[in-house]
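Throughout, protein chains are lettered first and strands after them, A, B, ... in sequence-line order, and every chain is numbered starting at 1.
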Amino acid sequence: MFMEAIGESTVSGLAYLGNLAGLTFGSARAILIDPFRGRKLRLSRAIHQAMTIGVEAIPIVSLISFFVGTILALQGAYQLRKLGAMQLIAAAVAIIVTRELGPLMTAIIVIGRSGSAFAAEIGTMKVNEELDALETMALDPVHFLVAPKFLAMAFMMPCLTIWADFVGVCGGGSFGVLFAGFTWGRYFQATLQSLVLRDIITGLIKSVLFGFVITAVGCQEGLSAKLSPEEVGRATTSAVVKSIFLVIAVDLIFTALFYFTAPQ
Amino acid sequence: MTPTAPSSNSGPPDPDIAISVRNLRVNYGDREILHGINFNVRTGETMVILGGSGSGKSTLLRALAGLERPVGGEIWIRGRNFITMSERERDKLRMKMGMSFQSGALFGSMTVGENVALPLQENTNLDPSTIEIMVRLKLDQVGLSGFENYIPAQLSGGMKKRAAIARALAMDPEILFFDEPSAGLDPIIAAGIDELILKLKNTFQISMLVVTHELASAFLIADRMILIDKGNIAINGTPAELRASANARVRQFLDRVPEPEVDDEIDYLQMLTGETPPPRR
């Protein structure tokens, strides 16, 4: 009985991942191949999505990243002052923010703002028969609705992450300047000296992958919502929970991959 | 055999048949909803599908529009097998079909004009100014001139239905499907929708399939009628043939006789679905 339950969960989990992959590849085809076969991709929809996902998220990303940067500096200082190494705060904050917390915190905010919105939007369209209407007009919902979201996410996640990295460093800097004897100039100089391009690039690669996970899960939950308003609510909650889990799982896999492939 | 009963041969139907349905079976999960439906719709004909709630009439319409995948049978549309054709061919054929949904199914984030323009923008290479003119024309045809910039939430129920019909007409379809066009509307607005359907029929000679349970509307617009009962066709005939029918189920439907009281819940389920319930444990 127990083994049967494990088997069923594994099969349904793999089927779910298969659906996410199908949605991702369907969108990749709509973005990269279909325009050359005469099927236009609506760039205006992608730009509209990019504004919602990216530009409108800047205030909350800024605020949270600043706080996280400050918290990191505080926590770092708690240990480093015992060692008399307060000058390492800038390096510690910079590396943790660019490699890990910048992309991760951005992803969590985007899940809350956009992943849930994707599920709610598509789920509501399904309840209102709008997805059926698209099909009767010979319009593929993946091409029309999902692909522009993937395109917008692929551009906006790295942009938001770079911004979150910068603001996070500033958050750490505010502590460094006020309580650790840094000037802003020395803090940024120490930050730049401690960072290598690989730190920033691995963070940005992860941010793009997180964006794909968030889009695929949000859209999949909306597309598979059942036909009642309660189900749209359930799909939205499910999108948030599954996205957070999968983003952290992807983070673990790629962080391990980057670690083991890093030059010694 | 009625003049529009499908031929028993496989292969394409006569050229003047717009839609031919042969032994169509559709399931929801394990439950069979349509148990082998057969009928033809001639070019320019308005076929009304009548039936009670849960009879399978909307499922039939969804299968014809390609929204449900049948488990058996054939659907021929304009001489081509709609089920076995490739997705690309099906999309091409869909451009010649329009569907008006019960809820309207207008895109809530777009204006009425954008809703009507959408199929033209996505499926044609027409320039924006031509599309704008066509949108105005289609809205004029359904009596919604000047409502291009309204969003669906600002429209009344009847106006939403009209806007949905304008969108269905956008690609100049040869076949139109209507799902409960007058459901939820007051009698005056519903009569306006009936008049619009008649106008489209007389002006454009479009083959139309209308699912409804509104008897007055049905008899007004139909050339032929089908009554679906528990997933089967109870009768297929002209409005006069339906009125004269002695079929018990037809009489019950037309004379609005309620179902007998059923105390046992399993008998009640059987009455609704027409299926034999599983034995009690």
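Contact annotation for A:Asp132: both backbone and side-chain heavy atoms come within less than 4.5 Å of a heavy atom of chain B.
No side-chain donor-acceptor contact under 3.5 Å links B:Lys201 to the backbone of B:Leu196. In this structure, the side chain of A:Ser12 engages the main chain of A:Ser9 through a donor-acceptor pair within 3.5 Å. Looking at B:Lys57, its side chain does come within 3.5 Å of a backbone N or O of B:Gly51 through a donor-acceptor pair.
Within residues 165-172 of chain B, the residues approaching chain A closer than 4.5 Å by heavy atoms are, in numerical order, B:Arg167. Contacts with chain B (heavy atom to heavy atom, under 4.5 Å) involve no residue of residues 211-247 of chain A. Close approach to chain A, defined as a heavy atom under 4.5 Å from one of its heavy atoms, is seen in B:Gln121, B:Glu122, B:Asn123, B:Thr124 of residues 120-139 of chain B, taken by number. Identified by a heavy-atom distance below 4.5 Å to chain A, the contributing residues of residues 105-114 of chain B are B:Ala105, B:Leu106, B:Phe107, B:Gly108, B:Met110, in residue-number order.
For the options A:His143, A:Glu130, A:Met137, heavy-atom pairs under 4.5 Å to chain B are most numerous at A:Glu130.
For A:Phe166, the CZ atom sits in a loose shell: 12 or fewer heavy atoms of surrounding residues, nucleotides or ligands are nearer than 6.0 Å. Atom CZ of A:Arg113 has more than 12 heavy atoms from other residues, nucleotides or ligands within 6.0 Å. Within 6.0 Å of OH on A:Tyr16 lie more than 12 heavy atoms contributed by other residues, nucleotides or ligands.
No salt bridge links B:Arg62 with A:Glu135; every basic N to acidic carboxylate O contact stays at or beyond 4.0 Å. For B:Arg90 and B:Glu87, the salt-bridge test passes: some basic side-chain N is under 4.0 Å from an acidic carboxylate O.
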Show the numbers, then the answer: is there a side chain to side chain contact (heavy atoms under 4.5 Å, CB included) between B:Leu209 and B:Ile175?
CA-CA 8 Å; B:Leu209 230 125; B:Ile175 294 170; 5.9 Å; no
B:Arg88 vs B:Asp91, side chain to side chain contact (heavy atoms under 4.5 Å, CB included): CA-CA, chis, key distance, verdict
CA-CA 5 Å; B:Arg88 190 174 267 260; B:Asp91 279 349; 5.8 Å; no
Go through B:Tyr28 and B:Thr59 one step at a time and tell me if the side chain to side chain contact (heavy atoms under 4.5 Å, CB included) criterion holds.
CA-CA 9 Å; B:Tyr28 270 146; B:Thr59 304; 3.8 Å; yes
With side chain to side chain contact (heavy atoms under 4.5 Å, CB included) as the criterion, how do B:Ile193 and B:Ile197 come out once you've worked through the C-alpha distance, each side chain's angles and the decisive distance to 0.1 Å?
CA-CA 6 Å; B:Ile193 299 286; B:Ile197 293 173; 4.2 Å; yes
Begin from the C-alpha positions of A:Lys206 and A:Thr255 and carry the test side chain to side chain donor-acceptor pair (under 3.5 Å) through to its verdict.
CA-CA 8 Å; A:Lys206 284 201 293 191; A:Thr255 304; 3.0 Å; yes
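Side-chain atoms of A:Gln49 and A:Phe118, non-hydrogen and from C-beta on, do get closer than 4.5 Å to each other. A heavy-atom distance below 4.5 Å is not found between the side chains of B:Arg94 and A:Thr136.
Here the shortest heavy-atom pairing between A:His48 and A:Thr52 reads O-OG1, 3.0 Å.
Here the rule is side-chain contact (heavy atoms from CB on, under 4.5 Å) with B:Leu60, and of B:Val211, B:Ile33, B:Leu34, B:Val26 only B:Leu34 fits it.
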